[in-house]
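Numbering of residues begins at 1 and proceeds along the displayed sequence. Please read these numbers as outputs of a predicted model, since none were measured by experiment.
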Amino acid sequence: MWLGLLTLVFAAVAIAATAEAQSTHPGWGSTPYDDASGMGVTFRVWAPNATSVYVPGTFNSWSTTATPLVQEQTNGAVDGIWSADVSGVTAGSEYKYYINNNGAIWKHDPRSRWVTAAGTASGANDIVYDPTAFNWNGDSVAAPTLNDLFIYELHMGTFPSSSAPNRFIAATNELDYLKSLGINAVEIMPIAEFGNSGNSWGYDPAQPFAVDNSQYGGPDGFKTFVQACHARGIAVLLDVVHNHYGPDLLDIWNFDGWSGTNSLGGGGIYFYESDTNLQITPWGYTRPNFSSNQVCSFIQDNFTLWFSEYHVDGFRWDTPSAMMYGDDGSYITAAGNLITAINAMIHTNYTGKLSVAEDVYDSFGFDSAWDTSYPYAFTPVLTNTVDASRDMTAIANAVEYNVRYGGLAGSGRVAFLESHDVVGDLNGGVRLVTAIDPATPNSYLARKLSTLGSAFTLTAPGIPMIFQGQEMLENRSFASGLPVDWSKTNTYSYIVQFYTDLIGARRDLNGCTSGLQGDQCSVYRVDNANKVVAFNRWKSSDPNENVVVVGNFTAATLNNYALNFPSAGYWYVHLNSDSTKYGPDYGNIGSSFVTARGSPATANITIGPYSALILSQTPDDPPHLKILPMNGAVNISWPSSYFGWVLDASMSLTGNPP
């Protein structure tokens, strides 16, 4: 027993002896090192108002005096940063900071990559994590170009079919499904350790550098998920929150013991002080202080962390406008400058990576922005209970123009009918099929109108996006405690097939619809009498590869409807949303091809109720023939008719070879 105590004392003395000078190694938070000086961990933290900082942990029996940090100096002057290189500490060790400033407080490391739990509860500690230890096995993926990007938004707490604590690992089981669906990018709602100890959407980050541990699976779990996505050609976009933090379990609040001059209740070094307009956000008074160089470095380093250590392929910024505009609507110049600088850093240092804003368009260096007004313009047309009252002009405008920001639509917008905000329970949101038919959301009407809406939305100019469950006819509002019902992929397998075919057409996976990836669009038929809209998409670089999308927004079949086409010749239907492939009670009504003649080129089409057709002048591959010798004869068969064939009837097969 005495030997064990002596060993513990000597270990504590050894650790304390190495912690009497500022660190000579780089890195913030806790960073393991292994070099000529030996092995250990560098601790570095910003605490300008502290009079002393210690690092208690499992490596020194949680001593509040054994391991002090030292104030760093720049040109002989202290700069508010404390650090030390502590030998003998290893990855997996638990720790926290013990900060003195007119009293002692225990605090989480603001840059901790891994925590047992957020907050101050017993056992809620930081964990030393080695960011270089994970085996990426040559991980690599090229982020899709904007014209080929198709996003699937998901919530890690509810997406996996298993509710195991490591949901990242469980979610890898669903990736083959997403690949077969045609998805090439997932957008993950925030995964930073959040303040709500139960379920959360993730928009209340308590530890912005730490991947949620207790429910999602921590840093290695997320890396495993990213690696699995990349192995399937799926890019990973991460939703990040820097317009506010917390407010629950937020340990950077009054971090170094200084509560500041905030009359609303404190805040300290990480938050705006003295100006109510700057302090208040829509979620409380926790707007980061963008005028602080240290806070700006904290935020920019967070983006760098996700790129360099987690291999993500881009970001969706949660409400950057709330970073840039105070409570009174005044512009916060420092925030705008920071956003511009981070986007410049992304595009300079991480070629091909993407930066998407929720609500800032055509400025500050973003690649695209959510058209958040789109669903609120389009969905009311689908939910209107009277066909004669459906507004085709609203549909045409939503297709051709950026609804929220104006101007022609293009890859600068993300277009969607469902998102976590639109269908989430916290906003009183409902799923599209429920909005169409609240009593029977799986009805013929709900299925037909929702798929018609998707056919237009996901082929319109912009980056298309669907929300988890949309493709399997999910009718329940999104809630952080309500898992995806994966049985619906079987129950509504025909709806899954529709989205698979639609995504394939949008991404031109069959080589027949390249115009849907084009930069040009023209809505050339808006027929409010017959409730028809038609638009044409093509590439400036290849104007002959036109794709026409036609929609019938009524319950009546349109027979021999005269419609102009971009050019004369055969036009082949690559998707008919009335096909019985997509619903056992559908009518399979609609042209399979049409011939456009004259000038302007015109063809008569047939289109089923509440249906869409997608046409181009590139034919599908013909069905494969089956040739089977039987009893001295040859039986020739094929799965479906194909008008492009010319079949000759003959008593014998001739030719060389016969």
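- With hydrogens and angles ignored, the 3.5 Å screen pairs no side-chain donor or acceptor of Asp313 with any backbone N or O of Ala235.
- No close placement of the Tyr285 and Tyr272 rings is indicated, their centers lying 6.0 Å or farther apart.
- With values rounded to the nearest 0.5 angstrom, Glu471 atom CD is found 7.5 Å from Ile503 atom CD1.
- At distances below 3.5 Å, not a single donor-acceptor pair connects side-chain atoms of Thr319 with backbone N or O atoms of Ser321.
- Note: Tyr203 and Trp283 fail the aromatic proximity criterion, with ring centroids not under 6.0 Å apart.
- Qualifying side-chain hydrogen bond (donor to acceptor under 3.5 Å, both in side chains) partners for Tyr310, counting only residues two or more places apart in sequence or in other chains: none.
- Between the side chain of Asn475 and the backbone N or O of Thr434 there is no donor-acceptor pair closer than 3.5 Å.
- Looking at heavy atoms from C-beta onward, Val422 lies in side-chain contact with Phe416 at the 4.5 angstrom threshold.
- Not counting sequence neighbours, Asp367 has no partner by the salt bridge (charged side-chain N to carboxylate O under 4.0 Å, His left out) test.
- Judged by distance alone, the side chains of Ser419 and Asp421 never bring a donor and an acceptor atom under 3.5 Å apart.
- Atom-to-atom distance recorded for Ser214:OG and Asn166:CG is 11.0 Å, nearest 0.5 angstrom.
- When all heavy atoms of Thr158 and Ser480 are compared, the pair lying nearest together is CG2-O, 3.3 Å.
- Between the side chains of Thr281 and Arg287, no donor-acceptor pair is found at a separation under 3.5 Å.
- The NZ atom of Lys353 sits 15.0 Å away from atom CG of Asn343, with the distance rounded to the nearest 0.5 Å.
- Among residues at least two apart or in separate chains, salt bridge (charged side-chain N to carboxylate O under 4.0 Å, His left out) pairs with a member in residues 474-486 are Glu474-Arg476, Glu474-Lys488.
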Enumerate, atom names and distances included, each donor-acceptor pair closer than 3.5 Å involving a side-chain atom of residues 322-332, sequence neighbours excluded.
| residue | atom | partner | partner atom | Å |
| --- | --- | --- | --- | --- |
| Asp328 | OD1 | Ser330 | N | 3.0 |
| Asp328 | OD1 | Ser330 | OG | 2.6 |
| Asp328 | OD2 | Asn277 | ND2 | 3.1 |

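- The shortest distance between side-chain heavy atoms of Asn442 and Val433 does not fall below 4.5 Å.
- Considering only heavy atoms from C-beta on, His420 comes within 4.5 Å of Glu153 through its side chain.
- In this structure, Phe303 has its ring center closer than 6.0 angstrom to the ring center of Trp317.
- With Glu273 contributing its side chain and Gly268 its backbone, the two residues share a donor-acceptor pair below 3.5 Å.
- Formation of a donor-acceptor pair under 3.5 Å by the Thr58 side chain with backbone atoms of Glu94 is found in this model.
- Residues Pro247 and Thr286 come closest through the heavy atom pair CB-CG2, 4.4 Å.
- In this structure, the side chain of Arg232 does not engage the main chain of Lys179 through any donor-acceptor pair within 3.5 Å.
- Put simply, CD1 on Ile466 and CG on Leu154 are 10.5 Å apart, with the number rounded to the nearest 0.5 Å.
- Under the rule for a ring pair (Phe, Tyr, Trp, His ring centres under 6.0 Å), the partners of Phe134 that lie at least two apart in sequence or sit in another chain are Trp136.
- With hydrogens and angles disregarded, a donor-acceptor distance shorter than 3.5 Å links the side chain of Asn302 to the backbone of Pro208.
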> Is there a ring pair (Phe, Tyr, Trp, His ring centres under 6.0 Å) between Phe298 and Tyr270 once you walk through the steps?
Replying inline: CA-CA 9 Å; Phe298 178 81; Tyr270 281 93; 5.2 Å; yes

> How far apart are the C-alpha atoms of Tyr405 and Trp370, what are their side-chain angles, what is the distance that settles it, and do they pass the ring pair (Phe, Tyr, Trp, His ring centres under 6.0 Å) test?
Replying inline: CA-CA 10 Å; Tyr405 300 102; Trp370 278 21; over 10 Å; no

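- Ring pair Trp46/Phe255: centre-to-centre distance not below 6.0 Å.
- Residues passing the salt bridge (charged side-chain N to carboxylate O under 4.0 Å, His left out) test with Glu309 are Arg113, sequence neighbours excluded.
- With sequence neighbours left out, the ring pair (Phe, Tyr, Trp, His ring centres under 6.0 Å) criterion links Phe168 to Tyr216, Phe222.
- When atom types are taken as modelled, the side chain of Asn173 and the backbone of Ser161 share no donor-acceptor pair closer than 3.5 angstrom.
- One finds no salt bridge joining Asp139 and Lys223 here, because no Lys/Arg side-chain nitrogen approaches an Asp/Glu carboxylate oxygen to under 4.0 Å.
- A side chain to side chain contact (heavy atoms under 4.5 Å, CB included) with Arg447 is found for one member of Phe498, Tyr494, Tyr610 and no other, namely Tyr494.
- Of the options Arg167, Glu193, Met156, Gln207, a side chain to side chain contact (heavy atoms under 4.5 Å, CB included) to Asp212 is made by Glu193 and by none of the others.
- Distance CG/Leu382 to NZ/Lys448: 13.0 Å, rounded to 0.5 Å.
- If you check the side chains of Thr451 and Tyr582, you find no donor sitting under 3.5 Å from an acceptor.
- The two atoms that bring Asn125 and Lys96 nearest to each other are OD1-CD, 3.4 Å, heavy atoms only.
- Residues forming a salt bridge (charged side-chain N to carboxylate O under 4.0 Å, His left out) with Asp239 (at least two apart in sequence, or on another chain): Arg316.
- Atoms NE2 and CD1, on His155 and Ile188 in that order, are 11.0 Å from each other to the nearest 0.5 Å.
- Side-chain atoms of Phe290 and Leu278, non-hydrogen and from C-beta on, never get closer than 4.5 Å to each other.
- For the residue pair Asp275 / Gln279, no side-chain donor-acceptor distance below 3.5 Å is found, with atom types taken as modelled.
- With sequence neighbours excluded, no residue satisfies ring pair (Phe, Tyr, Trp, His ring centres under 6.0 Å) with Trp28.
- For Trp114, the ring pair (Phe, Tyr, Trp, His ring centres under 6.0 Å) test picks out Tyr129, with sequence neighbours left out.
- Checked by atom type and distance alone, the side chain of Thr172 pairs as donor or acceptor with a backbone atom of Ile169 at under 3.5 Å.
- Contacts of Arg413 classified as salt bridge (charged side-chain N to carboxylate O under 4.0 Å, His left out), with partners at least two apart in sequence or in another chain: Asp371.
- By the 30° and 60° cut-offs, the orientation of the rings of Tyr374 relative to Phe378 is parallel.
- Looking only at distances, no side-chain donor or acceptor of Glu418 sits under 3.5 Å from a matching main-chain atom of Val423.
- Taking 4.5 Å as the limit, some side-chain heavy atom of Asp126 sits within range of a side-chain heavy atom of Val115.
- The side-chain heavy atoms of Phe456 and Val399, taken from C-beta on, include a pair separated by under 4.5 Å.
- Applying the ring-ring contact (aromatic ring centres under 6.0 Å, His included) definition to pairs two or more places apart or across chains, those involving residues 430-449 are Tyr444-Tyr586.
- Remark: aromatic rings of Phe307 and Phe315 are close, center separation under 6.0 Å.
- Of all heavy-atom pairs between Met345 and Tyr350, the closest is SD-CE1, 3.5 Å.
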